[in-house]
Structure formats: structure tokens, C-alpha cells
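Predicted, not measured: the structure shown is a model, and the values here were computed from it. Lettering follows sequence order; numbering is per chain, from 1.
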Amino acid sequence: MRARWHILVVDDEEAMTESLAAWLREDGYSVDTAASGREAIEKARAREYAIYFVDLKMPGGLDGIETMMEIRKLQKEASVIIITAYATVDTAIAAMKEGAQEYVVKPCHPQEISLLVERIIRVKNLQRENAILRRKLTRQYRFHDLVSKSARMAEIFDLVREVASQRSTVLIQGESGTGKELVARAIHFSGDRGERPFVAVSCAALAETLLESELFGHERGSFTGAVAQKKGKFELADGGTLFLDEIGDISPKLQVDLLRVLQERRFFRVGGTSEIAVDVRVIAATHRDLATDVREGRFRDDLFYRLNVINIRIPPLRERIEDVPLLAQEFLDRLAHELGREVSGLSEEALRLLMDHDWPGNVRELENAVERALVTCKSGVLGAADLAFLKRSQPSAAGGHDLPSGLTLQELEKEYITATLARLQGNVKGAAESLGIDRSTLYEKIKRYEIPR
Amino acid sequence: MLAVAPLGAAPGAVLTAMEGALQAAFRLPVRRLPALDEPARAFAPQRGQWSSVAFLEALLGRVPPGAVRLLGVTERDLCVPVLSFVYGQAQLGGKVAVVSLARLRPEFHGLKAAPDVLARRAGTEAVHELGHTFGLVHCLDRSCPMSLSIDLVDLDGKTATPCVACATLLDESREMQRTRARTEGDRP
């Protein structure tokens, strides 16, 4: 099965290229040759080679190191082996610093070339098998944009499939960052409304009047600034799904308005006089315990029952810790690609650290942690050192937070910033990074709270 | 028919052993040709060795009528530009191959001469190189003559009989089937 691996031999001396190519072909590899750096780059553009043998000294045009650097721009995963004569071994070592995987001194012992190629191909075979297995695993545990191997999430996936094509209202409950919107999208896109619009509104982000206008639209001149007629999210979602995030945060007045729309499927735009009928499926979500809010009078019981026809409760990440490696790898693959970083996996220590973390911010926190670690990662694998910030952010006592009591939020912030700066010997850059804020923001806070440095 | 030609002098007993190994491995008749001249330009003075490519080029024009392959046998120490030595070389899927006896001799490595050891190694190496001319690549079975030998330990661990997989590939080769059929037809 070696023929599936392609090798390119680059040397201006034909006798050299042909003899090496012949040797590698006898080993069963598919081998092409190039007589110059330029030709090699052209060939690398047209096909992906697993290994490039590049002669260090090529007269005129690109030399071996320049050729290697161009090739690695095209194919980050390519293994480059520099071929050199005794006189230029020092340069070959320099080439390795620039990214060459190995160098061979010609003429070399046949064993050297065969073992070298075999070793590189063995690693590439393992990487390929690993990628295939990972893809298979992810496929097995993927449901739309959700990835999980936990039994509780599997039950949720089943429920989503079951209710996807119904019009009943769904209430999704779960802590912040558990992926409530992803579940809502999965319901929408697996059902018969999947081809119609999915419109999401965060109810917590807007003031009452703005939210009202956002949901129901407004007529021109209905309030200051309403310079034109505007369709609301209910209208935009007609035929599809309206996702109301943080529904527990809406005002009592909007609770009444929303209840009416859910009951009658009709509403008025703000300032409007004619009723608008819509066919919208509503999926609501909240991180709050709405049943308690109902009991304590903060949320209308009739609206709660109207929303809670189908209830989906997403477990926090700490209760499905088996998903952490799967999710971490998923985020790593995606973010490494987006950030242009050559990081392909996580070390065992890094995984252990992730598994031991409590994840109060759930999947979103995990995604942010992977991104932050990727930015500082210096090797091809995320290590425990890249995730050291997790240790610092972990609560000191099991199950509880060792915080001083009787402080205002501002006093607490001042205390925490002071402690962080003291821990990092006044290093503002490090403290800002540790606190997850910009350096300029930290400077403002230092000034505002008059924190000595 | 397979042809074997010494390039310069080569011991008859070793050539006979090579022919026997080839006949058994490829199930084709083998004919020995008169000795051919060594290609003078094959010598690389800076290395004190001989270019196996120059030997192959010299052999290319000497394949006799009726022969499907020609194997040259030399006492010279062969090399290619990128490698410090080769036991032999073949045109992959081509007509000619060459085997060097130099490094197959125990005495090359400071050991006592052993004609039977040399004959066995030469037979295995002959099958290996001609196997390449029939399109076979290196085999993972370490006892198969088509496995890669990078030292004499590897070479001595091999037999001259192709493994089942390589024998099947040879049997399935259209050229081999045609050659064997023609050979059968030639018999009285």
C-alpha cells in the first residue's frame, strides 16, 4: 500500500534524482522528480507529496532551503528531507531549524534512506488512521452541531428528532454555555421547517421597549426614531422557528404580549392597527429555574405552561465530563484551522487537566479555554502548560468558592485585581491575560480603584 | 527465456547457482550468454566504485532475441550517486538488471571465503533484481527474496523462492503468462 504515498525528489543533477527515485520506486512508492526548486514548487501545487527529498545546493534560482520554505507554505504537513554533501552539513543543520525533518549526507548507506522513509511513512500512516478514526467517532457522536457521547445527551438527541416536526412550543433549560441555541437549531433543522427561517432573539440583551419593537416590529412614527416601518422577528420567522433566548429575563408586560401571540398566533406591530397572523414555532430557552420564578411570582404561570409543552433540560458539562475530550478535540480541530495554528492534539496531562476542571461556564468556557491555549501553544500538541490558566481560575475549596463576604461587587473586583497583580509581581500584561480583559481596561480599573502597583 | 551474462569474469559455479534459482522462481528456462565487456565509463574514480546505471545502460542493447530479460553479473562493487553501494539494480518493469558479487563475498567483509554462501546469496539477489523487472516491489515478508536487503543479515534471512503473494503477482502478470505459454509451445 506504499504506492498511495507520493514522494518528490528535487535535485539539479539528473543522475542523483534518478538513482534516488529508482531506489524509492523499488520500495513501492510513487515517485516524481524535479530538476529545480521552481519545478518542485509547481509540482507541489499540483499534487500533495508525503515526502520531499530536496538537494541543498541547486545553482541559480531557489536553493534547497528556499525551496523547502516555499513547499511548506503550500503544504504544512509535508516532510522535507534535505540531501547534502559533507561540506555543507552545517547548512543542513540550519535547514532543520527552518523546518526540515531530516537531512541525509550523500552518498548515504541504503539503510539510512529506507529506514528514514519508512519511519516518516509509519508516522503519516498513524496520523491518517488517527484522523479517520477521529472522523468516524465524531460522526458517531455528532447530531447537527452538537457533539456528545453521554447517555443523557443521546436521550436529548432522540427527543429532538421526535419533536422536530411538531409545532409544539419547546422550553430548553440549562446553565449558560451548555448549548441551548444549538439544540434549538437542531430541532429546527431536523424538522419540516428546516428550509424556512430560524430567527434568534436574545431577550436579555434589549430593554423592554426595544425588545417589544424587535419582536413585533413597529409602524413608522410609532415612537421617536421609528423613521420607517419595520418587521419584527415574529414576522421574519413566519413559517419557521423563533428562538427566544433568556426568556426568563423578559418584563411582566412582554410576558403578557408573548402569551397572547402564543395563544392566538396574531399580534399588532408597535403603533399598528391591523393584526398580523403568523405561523411560527417558538422555542424558548433560559438558564433560570423558571418553575421557582413562577412560584415566587416573577414569571407568569400561564406563559410558563404555554412555553413548557416540551421540556428539554441540558445537563451542565461537569455532569457529562466524558464529553470533554471529544469536545476539546472538536474545538481544537476547528480553531486550529481558523487561527492557522499547526496544533493537532492534546497531551495526556492537558486532557487530565480539562477533565478535572469544573467548567462553570460549560461548553462555551471549554471552547474559550481551547482557543486561549491555542494562541499561546508553541508546539504541535496542546500541553498542560498551555492550560495553566485553568488551575488559577478553579475554586479553591471543593464545591464552594472561598470568597470574602460582605463586599460589594466593585470592592470584590478591586480585591481580586489587587491580588492578581500581587501574584504576578505587578505584571499588568500577565494580569490582564489572567483576568481575561484588555490591558487598557485593566489600566482603567487600576486608576479607578486607585490600586497601588 | 531469461538470459544471464557475466560482465567480465564471474565464477561458473556461482552463475550456475543463480540460473537454478531463477529457473525455480520464475518457472522459465534460463540461458547463459558469453561474457560481455565491462562498460569502461562505469568506473567512478572518486569513489573507487562502478556505476550500476552505466552497467544497466550497457546491458540494454544486449538483450538477445528470444530472451524476455537479461541479468548481468559482475564482480565490481556497484554504487549509485545517492547511495554508498548497491547489491544490484534493476529497471523496475524493464528488461535488464545487474547483480554485483563483490559485497556478497564473505571475504569482502574480512571473513573466510565460503563459495556455498556466495552462491546462495547470488541466487537470492538474482531473483530479487529480476523480480523488479517484472514489476514486483519490495515485499514485507522478510523471508521473501523480494524483501529489501540493506545488509547481509537481511540477505541471509531470505530464501530464493518468492512468497505466495509475490508468486501470485508474478503468475497474474500478463507478460509472465504470455512468456510461459510461448515457452510451453516451443517445447517438442
CG of B:Leu92 to CG of A:Asp27: how many Å apart, nearest 0.5 Å?
-> 11.0 Å
Count the heavy atoms belonging to other residues, nucleotides or ligands that lie under 6.0 Å from NE2 of A:His337, then report whether that count exceeds 12.
-> no
Look at atom CG of B:Asp116 and say whether more than 12 heavy atoms of other residues, nucleotides or ligands are closer to it than 6.0 Å.
-> yes
Is it the case that more than 12 heavy atoms not belonging to B:Arg62 sit under 6.0 Å from its CZ atom?
-> no
Does A:Glu348 CD have over 12 foreign heavy atoms under 6.0 Å away?
-> no
Within residues 126-134 of chain B, which positions have a heavy-atom distance to chain A below 4.5 Å?
-> B:Glu129, B:His132
Part of A:Ala15 within contact of chain B (heavy atom distance under 4.5 Å) = both
Can you tell me if CD on A:Glu322 sees more than 12 non-hydrogen neighbours from other groups inside 6.0 Å?
-> yes
Find out whether A:Glu13 and B:Pro81 are in side-chain contact, i.e. whether some heavy atom of one side chain is under 4.5 Å from a heavy atom of the other.
-> no
Give a yes or no on this: more than 12 heavy atoms of other residues, nucleotides or ligands lie within 6.0 Å of atom CZ of B:Arg47.
-> yes
Step through the shown structure and confirm whether more than 12 heavy atoms of other residues, nucleotides or ligands are within 6.0 Å of CD on A:Glu48.
-> no
Knowing that exactly one of B:Val82, B:Leu83, B:Val80 qualifies, which makes a side-chain contact (heavy atoms from CB on, under 4.5 Å) with A:Leu20?
-> B:Val82
A:Arg38, CZ atom: more than 12 neighbouring heavy atoms under 6.0 Å | no
What is the distance from atom CZ of A:Arg25 to atom NE2 of B:His138, rounded to the nearest 0.5 Å?
-> 13.5 Å
